[in-house]
Amino acid sequence: MKKILVTGGAGYIGSHTVVSLVEQGYFPVIVDDLRNSSLVLLEGLKELCGDRFSFLSIDICEKSHLFSVFESRAIDAVIHFAAYKSVGESCDVPLRYYQNNLIGLMNVLEACQTFKVEKFVFSSSCTVYGEPEVRQVFESTPKRLPESPYGFTKWMGEQIIEDIHRNPQPFNTLCLRYFNPIGAHPSGFIGELPVGIPNNLLPYITQTAAGIREHLTVFGDDYPTPDGTCIRDYIHVCDVAEAHVRALQHEGSLPLDVFNIGTGKGTSVLEMVRSFMDVSGLNLPYQLGARRPGDITEIFANVEKSKRELGWTAQRSVEDALRDAWNWEQQLKQHD
C-alpha cells in the first residue's frame, strides 16, 4: 500500500483528500501542527477512515522535524497543502505568509529530493493568473502578478518548482490550480472550519445563517459584472479531493505539469447568497460594503485539459456544495 504524505492534511481540502485517498486504497500520513485546523476534523476523519491513516503533529517549517518523518517512513508521494490561504489576511500580515508558505514549501521539496520521492502534487491556486485579461483561463493563459501576498506565495511557489525542474529530478510534479473550493463531506463529519472570523464566503454565509455572525458583508457591488459583485468558479471540495487522486495516478510524459481544477462556470457573490437562501429556506441578512484589497473582478476555469489528461471533471453542483456546507454547520452546532 502506497504511503502518501499529506502536509496540512487536517485542514479543509487536505482532510477531504485524505478520505479520497483512503477510498482509493492509499495510506495517508498526515503532517499538520493544527495551527489552522482543529481536532474536530481529525475526529471526523477517524469516523470516516478508521485507522487507515496516521497523524503527526509537525511544523513543516522546522526542517529537522519534517525530515524525521521521511527517515522513519517509506513515503511514496507527497501532496503539499500546508499553507496560509486567506487573500484578505495576507494583505494585513504579508511577512507571515511569505515565511510560512515559502519556507514550508522549500523544506518539503528538499525532502522530496533527498529521499527520492516518486511524485509531488502542489496545492496551487488560480491567483497565479492575477487579474486576467480574459474571464476564462486556460493553463496556458499567461500568469500575471497577483493582487495579494497570498497569491504571490503561490506564484513564487510555482516558480521555485519550475526552477528546480530545470535539472533532472527524482520526482514528477503536478501543480493543481484550484479555483474556489466550497462545501463539505456529505456525511457532515468534516468540512471547512475557519479559525476565528471566516475569510472565505461560504463559511461566513453558514455562520451567519446559524446566528454566529450578525450579518454577511458583500465586499463591493460596483464591479463590471451583471450584478456588480465578484464572480468566481466555485467547486465542491470533494471534487477537488478526487482531483488529487487522479493526479497521483497520472502518468504523463512531462516531469512538471499544471492543471486547472474548477467547474468551468462562474457564479457571483450575490448569486451564491441567493442560492443558499433557496437551498436552506432561510432569509440571510447581508449588507453591501466597500471592495476588499486583493480581490479581482472575475475568473473561471477552462477545464478541458484536466478532463482530457487526468480523466477528471467536477461531478457536483454549487447547490450540492451549499447543502453540504449547511449540513456541516448544523452538525458543528450540535457538536458544541
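Fair warning: this is a prediction, and the values are worked out from it, not measured in the lab.
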Trainee: How close do Ala77 and Leu248 get, heavy atom to heavy atom, and via which atoms?
Mentor: CB-CD2, 3.8 Å
Trainee: Carefully, step by step, assess Cys126 and Val137 under the rule side-chain contact (heavy atoms from CB on, under 4.5 Å).
Mentor: CA-CA 9 Å; Cys126 64; Val137 294; 5.6 Å; no
Trainee: We want to know whether Asn172 and Glu118 form a side-chain donor-acceptor pair, criterion being a heavy-atom distance below 3.5 angstrom.
Mentor: no
Trainee: Once you round to the nearest 0.5 Å, how far does CD of Gln315 lie from OG1 of Thr263?
Mentor: 12.0 Å
Trainee: Minimum heavy-atom separation for Ile58 and Leu66, please, with both atom names.
Mentor: CG2-N, 4.1 Å
Trainee: Would you sort out whether Arg35 and Asp59 count as a salt bridge (Lys or Arg N to Asp or Glu O under 4.0 Å), showing the intermediate values?
Mentor: CA-CA 9 Å; Arg35 76 176 71 173; Asp59 178 1; 3.0 Å; yes
Trainee: Taking the basic N atoms (NZ, or NE/NH1/NH2) and the acidic carboxylate oxygens, is any pair closer than 4.0 Å for Arg166 and Glu162?
Mentor: yes
Trainee: Would Glu242 and Arg316 pass as an ion pair if we require N to O under 4.0 Å?
Mentor: yes
Trainee: Under the side-chain contact (heavy atoms from CB on, under 4.5 Å) criterion, do Lys2 and Phe27 qualify, and how do the steps go?
Mentor: CA-CA 6 Å; Lys2 286 192 173 183; Phe27 188 87; over 6 Å; no
Trainee: Quick check: is Leu254 connected to Val117 through a chain of hydrophobic side chains (ILVMFWY, heavy atoms under 4.5 Å apart)?
Mentor: no
Trainee: Hey, any chance Val237 and Val40 share a hydrophobic cluster, counting ILVMFWY side chains that come within less than 4.5 Å of each other, even indirectly?
Mentor: yes
Trainee: State whether Glu139 and Lys305 are salt-bridged, where the test is any N-O pair (Lys NZ or Arg NE/NH1/NH2 against Asp/Glu carboxylate O) under 4.0 Å.
Mentor: no
Trainee: Check whether Phe171 and Leu176 end up in the same hydrophobic cluster, where Ile, Leu, Val, Met, Phe, Trp and Tyr are linked by side-chain heavy atoms less than 4.5 Å apart.
Mentor: no
Trainee: Between OG1 of Thr206 and CG of Leu282, what distance do you get to the nearest 0.5 Å?
Mentor: 11.0 Å
Trainee: Please confirm whether Phe81 and His16 have ring centers closer than 6.0 angstrom.
Mentor: no
Trainee: Heavy atoms only: give me the nearest Ile30-Leu45 pair and the separation to one decimal.
Mentor: CD1-CD1, 3.7 Å
Trainee: Hydrogens and angles aside, do Tyr98 and Thr153 bring a side-chain donor and acceptor to less than 3.5 Å of each other?
Mentor: no
Trainee: Any ion pair linking Glu298 and Arg232 (charged N to carboxylate O, less than 4.0 Å)?
Mentor: no
Trainee: Quick check on Leu288: does its CG atom have over 12 non-hydrogen neighbours (other residues, nucleotides or ligands) under 6.0 Å away?
Mentor: yes
Trainee: Going through the checks in order, is the side-chain contact (heavy atoms from CB on, under 4.5 Å) test met by Trp328 and Phe189?
Mentor: CA-CA 7 Å; Trp328 160 247; Phe189 285 125; 5.9 Å; no
Trainee: Give a yes-or-no answer on whether the side chains of His80 and Ser123 include a donor-acceptor pair shorter than 3.5 Å.
Mentor: no
Trainee: Does the side chain of Ser268 come within less than 4.5 Å of Thr225's, by heavy atoms?
Mentor: no
Trainee: State which residue, out of Phe259, Tyr178, Trp312, fulfils the ring-ring contact (aromatic ring centres under 6.0 Å, His included) condition with His244.
Mentor: Tyr178
Trainee: Within a reach of under 6.0 Å around CD of Gln287, are more than 12 heavy atoms found that belong to other residues, nucleotides or ligands?
Mentor: yes
Trainee: Is the charged tip of Arg291 near the ring of Tyr223: under 6.0 Å from the six-membered ring centre and within 45° of its axis?
Mentor: yes
Trainee: Cut-off 3.5 Å, side chains only: do Asp33 and Ser57 have a donor facing an acceptor?
Mentor: no
Trainee: Any side-chain heavy atom of Val269 sitting closer than 4.5 Å to one from Leu201?
Mentor: yes
Trainee: Side chains of Cys61 and Asn100: closer than 4.5 Å at any heavy-atom pair?
Mentor: yes
Trainee: Quick one: does Lys119's side chain have a donor or acceptor within less than 3.5 Å of a partner on His250's backbone?
Mentor: yes
Trainee: Just do the side chain to side chain donor-acceptor pair (under 3.5 Å) check on Asp320 and Ser317 with the steps written out, would you?
Mentor: CA-CA 5 Å; Asp320 292 332; Ser317 67; 3.2 Å; yes
Trainee: From Cys175 SG over to Asn260 CG, what is the distance, rounded to the nearest 0.5 angstrom?
Mentor: 11.5 Å
Trainee: Looking only at heavy atoms, which two atoms of Asn199 and Arg292 are closest? And how far apart?
Mentor: O-NH1, 3.3 Å
Trainee: Less than 6.0 angstrom from the centroid, inside 45 degrees of the normal: does Lys143 satisfy that with respect to the ring of Trp155?
Mentor: yes
Trainee: Taking atom types as modelled, is there a side-chain donor on Arg177 or Tyr129 under 3.5 Å from an acceptor on the other?
Mentor: yes
Trainee: Check this for me: does any side-chain nitrogen of one of Lys3 and Asp76 sit under 4.0 Å from a carboxylate oxygen of the other?
Mentor: no
Trainee: Taking the side chain as every heavy atom from C-beta outward, state whether Leu216 and Ile205 have any pair of such atoms under 4.5 Å apart.
Mentor: yes
Trainee: Apply salt bridge (Lys or Arg N to Asp or Glu O under 4.0 Å) to the pair Glu110 and Lys63, showing each step before the final yes or no.
Mentor: CA-CA 9 Å; Glu110 185 177 346; Lys63 188 164 73 172; 3.2 Å; yes
Trainee: Determine whether the side chains of Glu89 and Tyr150 contain a donor N or O and an acceptor N or O closer than 3.5 Å.
Mentor: no
Trainee: Is the shortest side-chain heavy-atom distance between Asp32 and Phe55 below 4.5 Å?
Mentor: yes
Trainee: Is any side-chain heavy atom of Thr229 closer than 4.5 Å to one of Phe219?
Mentor: no
Trainee: What heavy-atom pair brings Leu41 and Ser15 nearest, and what distance separates the two atoms?
Mentor: CD1-OG, 4.4 Å
Trainee: When you look at CE of Met277, are more than 12 heavy atoms from neighbouring residues, nucleotides or ligands closer to it than 6.0 Å?
Mentor: yes
Trainee: Have Asp324 and His236 got a donor and an acceptor in their side chains that come within less than 3.5 Å?
Mentor: yes
Trainee: Can you give me the closest heavy-atom contact between Ser148 and Val87, atom names plus distance?
Mentor: CB-CG1, 3.7 Å
Trainee: Going hydrophobic residue to hydrophobic residue with side-chain gaps under 4.5 angstrom, can you get from Ile160 over to Ile79?
Mentor: no
Trainee: Would a 4.5 Å heavy-atom cut-off, applied to side chains only, mark Ile161 and Leu256 as touching?
Mentor: yes
Trainee: Would you indicate whether the side-chain heavy atoms of Glu71 and Ser68 approach each other to under 4.5 Å?
Mentor: yes
Trainee: Assess the pair Tyr204 and His215: is the distance between their ring centroids shorter than 6.0 Å?
Mentor: no
Trainee: In terms of hydrophobic clusters joined by side-chain contacts under 4.5 Å, are Leu42 and Tyr26 together?
Mentor: yes
Trainee: Run the numbers on Ile190 and Tyr12 for side-chain contact (heavy atoms from CB on, under 4.5 Å), then give the verdict.
Mentor: CA-CA 8 Å; Ile190 57 174; Tyr12 176 42; over 6 Å; no
